[in-house]
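This report concerns only the one structure given below.
In this chain, numbering begins with 1 at the start of the sequence shown.
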Amino acid sequence: RRVPFVYYLADSWRAAAEGARQIWLRALTPVIGAVEDYTLRHASTVLAATPGMARVAATAGAANSVTTIPNGIPTDVYTPDGERWWPSDKHNPFFVYAGNAGVVHGAEIFARAAEERWRAGEVFDLVYLGYGSDSELINDIASRWPDRVHCRGSVSAATVAAATRTAVASLASLRPSTGYADARPIKAMSGLACGTPLIYAGSGDFADLLAQADLAYVSPWDVSAVQENLGRALLDATQADADERARRVAFARENFDDR
């Protein structure tokens, strides 16, 4: 007997497979896409996280209701006030990447960019909270800088919030991909809700929004551009602006609250 089900479409497996680094996984794109299309066509309702995901459902032939419900974050958890968190007792300034480090994100770009600044003698740490298919790339760099890169795996939302409000800046990225051009990364929204500066590497609708509202250090997904923004954030942190912090919080509460 068929049981009606609702499909929450936050990510496209076809798009992820197309952008995979592994040749064998890219070769499986037609199979993965066929399974995704079949599932979407048979869902009673599709809840799409972005207009782009709604188009994925429509292209798949989803015959039933497709509703776009933008993703968001609990702004009562991600707040500018509360506990603080440090990756070590040295209390070095640090950047935090909190969340999935999958193939569509390319989160290793921050470790690659940080490595350039560490070689120049700068002192700061890099924290990854979470996991993903690119963790191996991050761990490779961490093995060269064990006192600088801290990979802590999955932690509670409260710990993410504490780390984010303590950090010099939160980090978010999207590798170039048409399937995710309008994605709204949770890690970016939660960082802004904590009032923390954001470094965003990527392009698309969300990057444009951040740039137009002057909410983040925005650059293409490029090591050289990212390492420059790391330096800018470190410099700006020496003269933190309370008004700017409050502006980021207000924007997040108005535009990203999921309650």
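- Relative orientation of the Phe251 and Phe256 rings is perpendicular, given thresholds of 30° and 60° on the angle between their planes.
- Formation of a donor-acceptor pair under 3.5 Å by the Asp134 side chain with backbone atoms of Leu137 is not found in this model.
- Remark: Asp37 engages Arg14 in a salt bridge, criterion side-chain N to carboxylate O under 4.0 Å.
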Evaluate Asp258 against Asn71 for side-chain contact (heavy atoms from CB on, under 4.5 Å), listing each step before the verdict.
CA-CA 7 Å; Asp258 68 357; Asn71 58 346; over 6 Å; no
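- Between Leu40 and Val46, some side-chain heavy-atom pair lies under the 4.5 Å cut-off.
- Residues Ala183 and Pro185 come closest through the heavy atom pair O-CD, 3.4 Å.
- The side-chain heavy atoms of Met189 and Arg184, taken from C-beta on, include a pair separated by under 4.5 Å.
- Residues Val249 and Leu192 do not share a hydrophobic cluster, defined by chaining ILVMFWY side chains whose heavy atoms lie under 4.5 Å apart.
- The closest donor-acceptor contact from the side chain of Ser133 to the backbone of Val103 lies under 3.5 Å.
- Not a single donor-acceptor pair under 3.5 Å links the side chain of Thr196 to the backbone N or O of Ser170.
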Are Leu9 and Val56 close enough, and set up right, to give a side-chain contact (heavy atoms from CB on, under 4.5 Å), and what steps lead you there?
CA-CA 9 Å; Leu9 184 61; Val56 167; 4.2 Å; yes
List the steps and the verdict of side-chain contact (heavy atoms from CB on, under 4.5 Å) for Leu47 and Tyr7.
CA-CA 6 Å; Leu47 302 179; Tyr7 194 127; over 6 Å; no
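- Across Gly52 and Asp182, no two heavy atoms sit closer than the pair N-OD2, 2.5 Å.
- Taken from CG in Asp241 to CZ in Arg247, the straight-line distance is 9.5 Å, to the nearest 0.5 Å.
- Rounding to the nearest 0.5 Å gives a distance of 9.0 Å between OH of Tyr97 and CD of Glu108.
- Residues Phe206 and Tyr200 bring their aromatic ring centres within 6.0 Å.
- The shortest heavy-atom contact between Ala111 and Tyr128 is N-OH, 3.3 Å.
- Using a distance-only test at 3.5 Å, with no hydrogens or angles considered, a donor-acceptor pair links the side chain of Ser190 to the main chain of Ile186.
- Summarising the geometry, atom CD belonging to Glu244 is positioned 12.0 Å from atom CD belonging to Gln239; distances are rounded to the nearest 0.5 Å.
- The shortest non-hydrogen separation linking Lys187 to Ala172 is CG-CB, 3.7 Å.
- Taking CE of Met53 as the start and OH of Tyr8 as the end, the distance is 10.5 Å to the nearest 0.5 Å.
- Residues satisfying the salt bridge (charged side-chain N to carboxylate O under 4.0 Å, His left out) test with Arg175, not counting sequence neighbours, are none.
- Ala107 and Ile138 make their closest contact through CB-CD1, 4.3 Å (heavy atoms, listed as atom of the first residue, atom of the second, distance).
- Of the options Arg117, Arg148, Lys90, a salt bridge (charged side-chain N to carboxylate O under 4.0 Å, His left out) to Asp125 is made by Arg148 and by none of the others.
- Taken from CG in Leu129 to NE2 in His150, the straight-line distance is 11.0 Å, to the nearest 0.5 Å.
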Just distance, no hydrogens or angles: give the donor-acceptor pairs under 3.5 Å from side chains in residues 207-226, sequence neighbours left out.
residue, atom, partner, partner atom, Å
Tyr217, OH, Asp236, OD2, 2.7
Trp221, NE1, Gly106, O, 3.1
Asp222, OD2, Ser224, N, 3.2
Asp222, OD2, Ala225, N, 2.9

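- With rounding to the nearest 0.5 angstrom, the CG atom of Leu230 is 7.0 Å from the CG atom of Leu171.
- Across Gly61 and Arg41, no two heavy atoms sit closer than the pair O-CG, 3.5 Å.
- Hydrophobic clustering, with ILVMFWY side chains joined whenever heavy atoms are under 4.5 angstrom apart, keeps Val31 apart from Trp13.
- Between Phe95 and Phe124, the two ring planes are perpendicular [angle over 60°; tilted spans 30° to 60°].
- Two residues are said to be in side-chain contact when any heavy atoms from C-beta on lie closer than 4.5 Å; Ile199 and Phe110 meet this criterion.
- For the pair Asp140 (side chain) and Glu136 (backbone), a donor-acceptor distance under 3.5 Å is absent.
- Note: the hydrophobic cluster containing Leu234 also contains Ile109 (ILVMFWY, side chain heavy atoms under 4.5 Å, direct or indirect links).
- Taking a cutoff of 4.0 Å between a charged side-chain nitrogen and a carboxylate oxygen, Arg119 and Glu115 qualify as a salt bridge.
- Connection of Val77 to Ile73 is established within a shared hydrophobic cluster, with ILVMFWY side chains joined at heavy-atom distances below 4.5 Å, either directly or through further cluster members.
- Ring geometry for Trp145 versus Trp118: interplanar angle of 30 to 60°, hence tilted.
- Inspection of the Thr79 and Arg165 side chains reveals an N or O donor paired with an N or O acceptor under 3.5 Å.
- Linking ILVMFWY side-chain heavy atoms closer than 4.5 Å, directly or via other members, places Val35 and Leu28 in two distinct hydrophobic clusters.
- Put simply, the side chain of His105 gets close to the backbone of Gly102: a donor and an acceptor are under 3.5 Å apart.
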For the pair Leu126 and Phe94, evaluate side-chain contact (heavy atoms from CB on, under 4.5 Å) and give the outcome as yes or no after the intermediate values.
CA-CA 5 Å; Leu126 183 59; Phe94 70 92; over 6 Å; no
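- Looking at Trp85 and Thr164, their side chains never come closer than 4.5 Å, going by heavy atoms from C-beta outward.
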